[in-house]
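Read the structure below first, then the notes.
The basis for the numbers below is simple: all heavy atoms, side chains too, and nothing from hydrogens, waters or symmetry mates.
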Amino acid sequence: MPAKLDYHWHLRRVMADRGMFQTTDLIEPLDKRGITLSSSQVYRLVVERPERLSLKILMALLDILDCTMEDLIEPAAAIEAAARGKRAVGAETGIGDLRPRRARIRGTEQK
């Protein structure tokens, strides 16, 4: 099974290397390049890993931070456990060869 592709997003680290410690530090430089984002959008761009990113925004970030794409985006292989997919509830593996046994509930008589 081939490894799934993944990536690490290093915008926060690159900003810190350039002396930009607040997410709002990007709002004005982006606006000067014709990109208007709200403070919450910029916050998500910096703090979270973007699933979709406009090339215009990416090029503006590279220009603002004077960096390369390799500085912002680091390719990585996905974790194998995630690649295996979901398992049914109760299908967890035990310890070594030990596996939990399914409990049987028998009718209880109340006196």
Side-chain angles (χ1 to χ4, degrees):
M1 175 180 203
K4 292 192 175 188
L5 299 178
D6 203 5
Y7 65 94
H8 299 287
W9 181 241
H10 297 295
L11 179 57
R12 177 178 261 180
R13 181 179 50 86
V14 173
M15 285 177 63
D17 291 345
R18 306 307 191 267
M20 300 172 81
F21 297 103
Q22 295 184 3
T23 59
T24 55
D25 292 341
L26 281 177
I27 293 175
E28 187 179 330
L30 284 170
D31 195 42
K32 287 181 181 176
R33 287 162 180 82
I35 299 169
T36 305
L37 296 176
S38 69
S39 58
S40 63
Q41 288 173 316
V42 173
Y43 177 82
R44 285 194 309 268
L45 181 65
V46 174
V47 175
E48 298 173 5
R49 189 178 77 157
E51 292 298 320
R52 293 181 304 269
L53 183 64
S54 151
L55 288 177
K56 188 175 180 180
I57 294 173
L58 178 61
M59 297 312 292
L61 290 172
L62 297 177
D63 185 45
I64 293 165
L65 300 168
D66 191 31
C67 64
T68 64
M69 245 188 292
E70 290 80 20
D71 296 330
L72 285 180
I73 305 168
E74 176 188 352
I79 300 171
E80 282 299 317
R84 281 183 268 176
K86 296 181 180 178
R87 292 181 154 207
V89 174
E92 303 87 21
T93 58
I95 301 171
D97 289 334
L98 301 175
R99 304 257 187 273
R101 296 183 88 188
R102 192 176 282 265
R104 288 189 181 172
I105 300 174
R106 297 182 180 170
T108 57
E109 295 180 25
Q110 295 182 351
K111 293 181 183 182

message = Distance check, rounded to the nearest 0.5 Å: D71 atom CG versus R13 atom CZ?
response = 7.0 Å

message = Between D6 and R49 (salt bridge meaning N to carboxylate O under 4.0 Å), is one present in this structure?
response = yes

task = Would you name the heavy atoms of K56 and G34 that are closest together and state the gap between them?
result = NZ-O, 4.0 Å

ask   = Roughly how far, to the nearest 0.5 Å, is the CZ atom of R12 from the CD atom of E48?
value = 10.5 Å

key: Step-by-step side chain to side chain contact (heavy atoms under 4.5 Å, CB included) determination, L11 to L45   = CA-CA 8 Å; L11 179 57; L45 181 65; 4.0 Å; yes

request  = Working to the nearest 0.5 Å, report the span between CE of M20 and CE of M15.
outcome  = 4.5 Å

query = With a 4.5 Å limit on heavy-atom distance, are the side chains of S39 and T23 in contact?
reply = no

query = Quick check: are there more than 12 heavy atoms from other residues, nucleotides or ligands sitting under 6.0 Å from CD of Q22?
reply = no

message = What I'd like to find out is whether the side chain of L26 reaches to under 4.5 Å of the side chain of I64, using heavy atoms alone.
response = yes

query = Nearest 0.5 Å, what's the CG-CE distance between L61 and M69?
reply = 11.5 Å

note = Value for CG (L72) from NE2 (H10), rounded to nearest 0.5 Å, stands at 9.0 Å

task = Spell out, as yes or no, whether a donor-acceptor pair under 3.5 Å connects the side chain of R18 to the backbone of L65.
result = yes

ask   = Does the side chain of H8 come within less than 4.5 Å of P75's, by heavy atoms?
value = no

inquiry  = Quick one, L53 with W9, criterion side chain to side chain contact (heavy atoms under 4.5 Å, CB included). Give me CA distance, side-chain angles, the key distance, then yes/no.
reply    = CA-CA 12 Å; L53 183 64; W9 181 241; 3.6 Å; yes

key: Separation between SG of C67 and CG of D17, rounded to the nearest 0.5 Å   = 10.0 Å

task = Examine L55 and L30 and state if one hydrophobic cluster contains both, with Ile, Leu, Val, Met, Phe, Trp and Tyr joined whenever side-chain heavy atoms are less than 4.5 Å apart.
result = yes

